[in-house]
Structures are given as C-alpha cells and as structure tokens.
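In what follows, every chain begins at residue 1, and chains take the letters A, B, ... in the order their sequences are listed.
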Protein chains: 2
Amino acid sequence: MKPSTLFSVFIIAEENEAVKELSSGLALMGFACAIASREEIVRQVVESATDLVLVEIDGRSANSRLELSRRIREERHLPIIALVSRERLSDLDDDLNIDDFVITPCDVPELTLRIKRLLRKPSNRRSGELINCGNLVIDMGKCAVSIKGKSVALTFKEYELLKFMASNRGRVFTREVLLNKVWGYDYYGGDRTVDVHIRRLRSKIEGSSHIFIETVRNIGYRFK
Amino acid sequence: MKPSTLFSVFIIAEENEAVKELSSGLALMGFACAIASREEIVRQVVESATDLVLVEIDGRSANSRLELSRRIREERHLPIIALVSRERLSDLDDDLNIDDFVITPCDVPELTLRIKRLLRKPSNRRSGELINCGNLVIDMGKCAVSIKGKSVALTFKEYELLKFMASNRGRVFTREVLLNKVWGYDYYGGDRTVDVHIRRLRSKIEGSSHIFIETVRNIGYRFK
DNA sequence: GATGTTTTTTAAAGACTTTTTACGACTTCA
DNA sequence: TGAAGTCGTAAAAAGTCTTTAAAAAACATC
C-alpha cells in the first residue's frame, strides 16, 4: 500500500471521544475518515468515493446497524468492518454482509491491518475488476483482454466464454454447462458450437508458450 | 453451522500450556483439534481431512511459519488463520496466503467466530466435492485426482471407476455391479473390461507404498 | 439493401480411449 | 495331481470424441 494512495473510510458510529480518537488514529495511518451516525447516510456512502465502511455494533442499535450495512452492500459492493463489543459478538454469527470485525475498544494497529488487508483483496479494489492469470489479464471494467501487455481483440462470445472460464479457474465445465452459462439457459444448439469458440479463443490467446484452456476428454474444458 | 457437523482444525504451534488451553477451548466449541509444530506436517495437513489451519506466528519462527502456510496453500486451498503477537503484526502486512488473524493471547470466542465465518464462506466449504483417502485426493469439481499432491492423469472411465469405488469405501463390488454403476445399466459387455480398467487404474495410482484397490477373489474389487 | 463481421452448423480427418481377444499364472476342489 | 474356474496382462481392433476447416446463417453498419 503506497502512501500516495489515499483511501477513504466511512465510520458509522456515535461521535463520542473513543470514536474520534479512533478516527484520528486512522488518519495518522493515512486514511481519510468521516464519521456519521444517522441512517440517512446510506446514500452518502454509496454515492461518495468511500473505499471502506466501519460500522459500530453496540447494544442499542445493533440490529439497525446490521440492517444498515446490509443495505449499503445491496447498493454497492463495499468492504465493511464491524466494530463490536465482546457482548455483541454473537450478532455477527450469521452475517456475511460484514467482511471482518474488531472487538472494541479498538486496537488501532490491528484495525489498520484489517483495513489494509481488505482493501488489498482484488475483489475490493476500486479499479474495476481484473482477472489475472500469469501474463493474461482480463479487465472486466473495460471488457478488454491483454496478454503480456499486448491487447487482444476478442469477439463478444469469445470474451464471455473466456471470462466465465477464467473466473472459475481449475474447474472443468461440460459443453452443456458452458452453453448454459455463457449462451444462456434457453439456448438451443449443438455442442460443437462450444468447440469452435474454444478453438478461436485458443488461436488468439495461446501461443506456443502457454496453454490456458485444457480439454478434458469426455467431459469438457478447463481453464488452467 | 450445525452441531452435528464436526470440523477439524489443525494447530501449528509449540505445544505449550496456552496452546493446549486454546485447543481445549475450541474442542468445547465443537471443533476437532490437533496440534503439531514440526514442519513435516505439511503433508499431514494436506492429506488429512483438515478443514482449517491455525498457524502461530511468534518471534523465533515467524518466517518459517509463514513459509509453511504458503506451502500448505500451494498444495491445497485450505483456510488459514494466523495467531500472532502484537509485535509481529506487521509480518502479515503483505501476506495474502493468510485468510485472517487473531492477536495472542487468544480470545476463544473471537477465534471461534472467525473460524466459523471462514468455514461458512462458500469457497472454503469441503462441500462434498472432495474425496480424501489418505494421500489420494479426488476433486470432483476439477475432475482431478492427485496423490501426495502430485496430480495424476486419468481417462474418463478410470476416473469414473475410481470415483465410484472411492465414494463407497470398504464395500466390495462385483464386476457386474461396477459395470452397472459405472458403465450404465444398459451396458452389454464382458467382465474382463472391468479387470483391464482396474489394472490401468492401479498402475496409475498405486505405487509400492500403498494399495488402494483390493481384489476380492470370486467376488470382485474393493477400495481401500 | 450491400458489405463485412461474428456466430453457428456441418462433415471429414485425426487422436485417443475403450473393449475385445487371447494366453499364462494362480487357486480351489475332487 | 489334474481339471475347472478365476485373475492379470498385452496387444490388436473397434469405437468415440475432438479438432479442424469451410460454408451457411445471423447480425450489424453504413
């Protein structure tokens, strides 16, 4: 994490001394913090350039705050960390809307590390999602594919097929499944269609150096 | 997490009082724990039915333990939690091989919750997609078989045969039954076919060390 | 509507897998 | 001990699936 990249953190909590202290602690670590406690902030969070949300889960407002984080998640996929008291730990039992938690009172170094780790996860990067397989890069934001930095022109179906397979690396897909997932559940047509697309994809992305798509006889194909 | 499902946790740490206490604390929460500290355990972890690994990162062995977790990850995608002292926190800065961490001395409820949350993530579920027999692993999602971490190339029928027998371990199958279950109820062909496939399977998965398929004279074959 | 591009279909060639056949070794039972 | 049945192996034959190329159809653009 370069110090030059400034990440912006939204803290949803009562604005008391402890929280203010936390906020300035994070500011010291290079995060731009904002504190708010009203519920109307969902809009604000979603629409602003927020990178990550901290939600305080305390006695009185536990449920409403969990609900809040759920709503934020629904609108935009933003990493969320709960600040939770030891007593309220069990509230997080079933909640997968929250990515991580720390027990209050907060230890700033621990929280900082947790924030960093969440922001480093590729799926949480603001930068449009990328799939990165060796020297093949699929930029799903741009719908562009490049290999060793050189961009490769794929047709729509080729791109969709590659994207699907690459985002489930290692798994074997039958032609039928590919037809379902890439062409759509209601597509009616022959298996050979898949073969042909695979062939063209291969001819575009595979040189003599690397093989990306493996055929698994009697079953289908796999992206390696 | 139903209480009926028993998850198995491997703790890599010095076996001191604190760790033993932690282990029994987790046992109380319904986890089957095993402790080990030597490095040779990579094999053991990968080959056993372990669901999750705890790695203690302390002063002396920090780097080697991190390396260890990297190696475990390489062999099999298993969730890993670091038990780390406050002073060693920064060692986790760049390490994405570790899924989560807790600061020692451990708070058992917190650790339990972190374990639960990791195991609940779909990508970490044992999910019935993996058959694990000693050092033989059948990954049904990838349609891949590996033995001591080394992947083995099987043909379709070999794979199907192995999958069927391995998922009914200990049971004896007549050739007729195998023909029915693997080849299909309407298959018409001779018994020798089974023998030949068994032979080729054996030659691929059995070394001098382990025998997986046992011949039961006058009846048929049995796995393990 | 003509043109060029993308997608699907078709069919033959090729590669690999599976089955059959045949035979030797081994076990069981009279 | 010999006959009958069972099992393991190798090689050839049969079969199946995949690749390939080329043509037809669908689609988009002007």
Side-chain angles (χ1 to χ4, degrees), chain A residues 143-145 151-165 171-208 210-224, chain B residues 143-145 151-165 172-208 210-223:
Chain A
C143 293
V145 174
S151 86
V152 179
L154 298 184
T155 68
F156 177 66
K157 276 276 149 57
E158 287 162 2
Y159 171 75
E160 290 287 305
L161 181 60
L162 176 62
K163 189 175 84 181
F164 177 71
M165 294 187 73
R171 212 185 189 81
V172 180
F173 298 103
T174 64
R175 290 161 227 277
E176 195 189 352
V177 169
L178 289 174
L179 244 19
N180 257 273
K181 295 287 188 180
V182 179
W183 274 258
Y185 70 96
D186 54 352
Y187 175 82
Y188 163 75
D191 282 0
R192 274 347 61 211
T193 299
V194 177
D195 296 28
V196 173
H197 283 268
I198 292 284
R199 178 169 79 79
R200 281 198 300 242
L201 202 43
R202 278 174 168 163
S203 77
K204 287 183 180 178
I205 65 173
E206 295 185 350
S208 49
H210 249 318
I211 283 176
F212 290 107
I213 299 169
E214 216 173 307
T215 101
V216 182
R217 204 165 216 271
N218 276 296
I219 305 180
Y221 298 95
R222 156 201 340 214
F223 190 91
K224 174 79 190 21
Chain B
C143 295
V145 173
S151 83
V152 179
L154 298 185
T155 68
F156 180 63
K157 275 277 149 59
E158 287 161 2
Y159 171 76
E160 290 285 304
L161 180 60
L162 176 62
K163 191 173 81 179
F164 175 73
M165 296 188 73
V172 182
F173 298 104
T174 63
R175 292 165 173 69
E176 194 190 353
V177 169
L178 290 174
L179 244 19
N180 256 272
K181 294 288 187 180
V182 179
W183 275 257
Y185 68 96
D186 54 352
Y187 176 82
Y188 162 76
D191 281 0
R192 263 346 58 169
T193 298
V194 177
D195 296 26
V196 172
H197 279 87
I198 292 284
R199 183 194 131 243
R200 283 197 296 240
L201 203 43
R202 279 175 167 162
S203 78
K204 286 183 180 176
I205 66 174
E206 296 185 349
S208 48
H210 244 323
I211 284 176
F212 290 107
I213 299 169
E214 217 174 306
T215 302
V216 183
R217 202 161 217 276
N218 282 302
I219 307 182
Y221 299 96
R222 163 205 331 223
F223 190 89

Any idea which of [options] is nearest the [X] side chain?
{"X": "B:Arg192", "options": "D:dT20, D:dT9, C:dT7", "result": "D:dT9"}
{"X": "A:Arg200", "options": "C:dT7, C:dA15, D:dA21", "result": "C:dT7"}
{"X": "B:Arg175", "options": "D:dC7, C:dT9, C:dT20", "result": "D:dC7"}
{"X": "A:Arg217", "options": "C:dC26, D:dT19, D:dC17", "result": "D:dC17"}
{"X": "A:Trp183", "options": "C:dT18, C:dT8, D:dT9", "result": "C:dT8"}
{"X": "B:Val196", "options": "C:dT8, D:dT18, D:dA10", "result": "D:dA10"}
{"X": "A:Tyr187", "options": "D:dT19, C:dT9, D:dC7", "result": "C:dT9"}

To the nearest angstrom, how far is [X] atom [atom1] from [N] atom [atom2]?
{"X": "A:Glu158", "N": "C:dT6", "atom1": "CD", "atom2": "P", "result": "8 Å"}
{"X": "B:Ile219", "N": "C:dT27", "atom1": "CD1", "atom2": "C1'", "result": "15 Å"}
{"X": "B:Ile213", "N": "D:dC7", "atom1": "CD1", "atom2": "P", "result": "15 Å"}
{"X": "A:Asp191", "N": "D:dT19", "atom1": "CG", "atom2": "P", "result": "12 Å"}
{"X": "A:Glu214", "N": "C:dC16", "atom1": "CD", "atom2": "P", "result": "14 Å"}
{"X": "B:Lys157", "N": "D:dA14", "atom1": "NZ", "atom2": "P", "result": "19 Å"}
{"X": "B:Glu160", "N": "C:dT19", "atom1": "CD", "atom2": "P", "result": "12 Å"}
{"X": "A:Glu206", "N": "D:dT19", "atom1": "CD", "atom2": "P", "result": "11 Å"}

Can you check whether [X] has a side-chain N or O nearer than 4.0 Å to OP1 or OP2 of [N]?
{"X": "B:Tyr221", "N": "D:dC7", "answer": "no"}
{"X": "B:Thr155", "N": "C:dT18", "answer": "yes"}
{"X": "B:His197", "N": "C:dT19", "answer": "yes"}
{"X": "A:Arg202", "N": "D:dT19", "answer": "yes"}
{"X": "B:Arg199", "N": "D:dA10", "answer": "yes"}
{"X": "A:Thr193", "N": "C:dT7", "answer": "no"}

query = Does the B:Arg175 side chain pair with the main chain of B:Asp195, one donor and one acceptor, at a distance under 3.5 Å?
reply =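 No, the answer is negative, given that no donor and acceptor are paired below the 3.5 Å cut-off.
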ask   = Quick one: does B:Arg200's side chain have a donor or acceptor within less than 3.5 Å of a partner on B:Glu158's backbone?
value =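 Side chain of B:Arg200 to backbone of B:Glu158: no pair is present.
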message = Does B:Asn218 reach a base, just sugar-phosphate, or nothing at all? Heavy atoms under 4.0 Å.
response =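 Sugar-phosphate contact only.
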query = Should the pair A:Phe223 and A:Phe212 be assigned to parallel (<30°), tilted (30 to 60°) or perpendicular (>60°) ring geometry?
reply =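 Plane angle under 30°, so parallel.
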ask   = What's the shortest heavy-atom distance between B:Cys143 and A:Ile219, and which atoms?
value =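 Distance-wise, the nearest heavy atoms are SG-CD1, 3.7 Å.
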query = If you measure from CZ on A:Arg192 to NE2 on A:His197, what distance do you get to the nearest 0.5 Å?
reply =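 The NE2 atom of A:His197 is 12.5 Å from CZ of A:Arg192, to the nearest 0.5 Å.
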ask   = In terms of heavy-atom contacts, does CD of B:Glu176 have more than 12 from other residues, nucleotides or ligands at under 6.0 Å?
value =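 No, not enclosed.
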